[in-house]
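Notes follow the structure.
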Amino acid sequence: MAQFKELIFSGMQPTGNLHLGNYLGAMIRWIELQKTKDCIYCVVDLHAITVAQEPALLKKAIREVTAAYIAAGLDPKKSIIFNQSQVSGHAELAWVVNCVARLGWLNRMTQFKEKAGKDRENASVGLYAYPDLMAADILLYRATHVPVGEDQKQHLELTRDVAQKFNNDFAASIAENGFGDAFFPLPEPLIQGPATRVMSLRDGSKKMSKSDPSDYSRINLTDDADTIAQKVRKAKTDPEPLPSEVEGLKTRPEAENLVAIYAALTDATAENVLRDHGGSQFSGFKTALVDVAVAKLAPIADEMRRLMADPAHIDAVLADGSARARVLAQPTIDAVKDIVGFVRS
Ligand code: TYM
């Protein structure tokens, strides 16, 4: 198999507020990876319009997600930070991916089924083809590693299937064009840390999500200290004290979730947290959790507010990132055209 340069790619949708799940499931890893790897972090606005968006709010959300990236610690000088729609290669490659991926593969996507719900006939074609666009996002840069939360695992598997099928279907042309035995790497998902699936604060069996109608189900990255404290105090729990061993969390989803959140916020493991807090009542543990959550998240919210006051600066970051992304994307688009058999001048 050909050798590929190590490159990290990931993205978030600019729809609604970013929340603790986005932060702990993905962004914390992104910041860590940025220290030692080449990274591209995208604001995936083309994905956002797979469901209806109010144009003015979409613009604001794109800037807000960018502000969150920077406020959380991503460095736009070091990593490439940009919004997807400014690099036309994403949409261009997505078409080729549409022609490689099979209907049967997309039919298996659980996230489409959840999002489309009962009114499937009325879902946009974009929502259905969304995993193909996501595959194109990653393959456009021939990225090798993709840090995401647990819920994106199936989409990453599809991305690998697309890469593999393209490499197989066009094997002869790939070799003729000088790319050896494979053009696309099979990107590895990086699903790591204690909080790869942060659950709702109101129901430990449901994922924390932007679309939950209850704002108390999630901590938003824009929440101030008082709001964070209130949400943690109101989080659903059970009447038992915390166990001392991780085993004891198995049948207690709400307790397990709060411990995982605490662990991720303090860069510890669930074992460490239970060593310190095993036997505590939830009232005491929640006070400790409020302290660590506020210490970590309130400065991010403050910095986001500061950045949002200067949208021109955010737009300049996105313009610079997009220009750098385009330079990396173009050779892939050119090569794919040659491999597929298009004539280009
Ligand atoms: P999105 O915008 O829904 O979520 C962004 C990231 O946050 C993670 N995440 C969570 N992690 C843990 N617990 C949760 N409750 C939780 N909720 C969200 C997601 O796993 C994700 O890593 N399709 C993607 C965006 C995307 C993308 C890509 C990602 C488009 N192209 C290419 C990677 C590579 C999405 O909708 O993520």
Side-chain angles (χ1 to χ4, degrees), residues 7-31 33 39-51 61-62 64-65 68-69 72 80 82-85 87 89-91 93-94 97 109-112 114-115 126-127 129-160 162-163 187-212 217-221 253 256-257 260-261 263-265 325:
L7 183 69
I8 313 293
F9 183 94
S10 200
M12 294 206 183
Q13 289 200 57
T15 44
N17 284 323
L18 290 190
H19 53 70
L20 191 61
N22 300 127
Y23 180 65
L24 297 179
M27 226 189 269
I28 275 200
R29 297 268 92 69
W30 298 8
I31 296 161
L33 286 161
C39 303
I40 306 179
Y41 297 124
C42 186
V43 181
V44 294
D45 49 11
L46 297 178
H47 281 85
I49 64 163
T50 56
V51 296
I62 294 166
E64 204 160 71
V65 171
Y69 284 6
I80 294 181
F82 75 108
N83 59 316
Q84 192 184 20
S85 62
V87 181
H90 290 261
L93 186 59
V97 172
M109 296 292 117
T110 53
Q111 205 161 76
F112 173 74
E114 280 160 25
K115 285 197 180 170
L127 189 66
Y130 167 121
D132 284 355
L133 177 59
M134 178 161 161
D137 297 339
I138 299 164
L139 299 178
L140 184 59
Y141 303 95
R142 301 209 280 168
T144 54
H145 296 84
V146 186
V148 284
E150 172 73 36
D151 61 345
Q152 297 300 317
K153 192 166 174 218
Q154 197 184 31
H155 293 158
L156 262 296
E157 280 159 11
L158 181 117
T159 304
R160 292 168 63 89
V162 167
E188 299 267 350
L190 299 176
I191 302 174
Q192 295 167 333
T196 55
R197 188 172 176 82
V198 177
M199 308 308 277
S200 154
L201 298 180
R202 307 300 290 163
D203 177 351
S205 68
K206 273 188 6 198
K207 195 179 69 170
M208 183 178 285
S209 106
K210 294 166 185 168
S211 52
D212 194 312
S217 69
R218 65 185 158 260
I219 293 175
N220 300 309
L221 287 189
E256 186 176 33
N257 190 37
I261 291 173
L265 284 169

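Indexing begins at 1, ligand by ligand and atom by atom, following the structure's order. The structure presented is a predicted model; accordingly, all values stated were derived computationally and were not measured. Just the heavy atoms: all of them, side chains too, but no hydrogens, waters or symmetry mates, feed the values below.
- Under a 4.0 Å criterion applied to the non-hydrogen atoms of Arg197, ligand 1 contributes the atoms 12 (C), 13 (N).
- Here NZ of Lys206 is found 11.5 Å from CG of Leu201. Values are rounded to the nearest 0.5 Å.
- Considering backbone and side-chain N/O of Lys115, none are found under 3.5 Å from N/O of ligand 1.
- The shell of residues lying under 4.0 angstrom from ligand 1, judged by heavy atoms, includes His19.
- Looking at Asn22 next to ligand 1, an N or O pair under 3.5 Å apart turns up.
- Counting heavy atoms under 4.0 Å from ligand 1, residue Thr196 touches it through the backbone alone.
- The atoms of ligand 1 that sit less than 4.0 Å from any heavy atom of Tyr130 are 23 (N), 24 (C), 35 (C), 36 (O).
- Ring geometry for His155 against Tyr130 counts as tilted: the plane angle lies between 30° and 60°, on a 0 to 90° scale.
- In this structure, Lys210 has a heavy atom closer than 4.0 Å to ligand 1.
- The part of Val44 lying near ligand 1 is the side chain, judged by heavy-atom distances below 4.0 Å.
- At a heavy-atom distance under 4.0 Å, no atom of Met199 approaches ligand 1.
- Under the 3.5 Å distance criterion, the side-chain polar atoms of Gln192 are left unmatched by any main-chain donor or acceptor of Arg29.
- By the criterion of a heavy-atom distance under 4.0 Å, both the backbone and the side chain of Val148 are placed next to ligand 1.
- Atom 20 (O) of ligand 1 has its closest protein heavy atom at Asp151 OD1, 2.4 Å.
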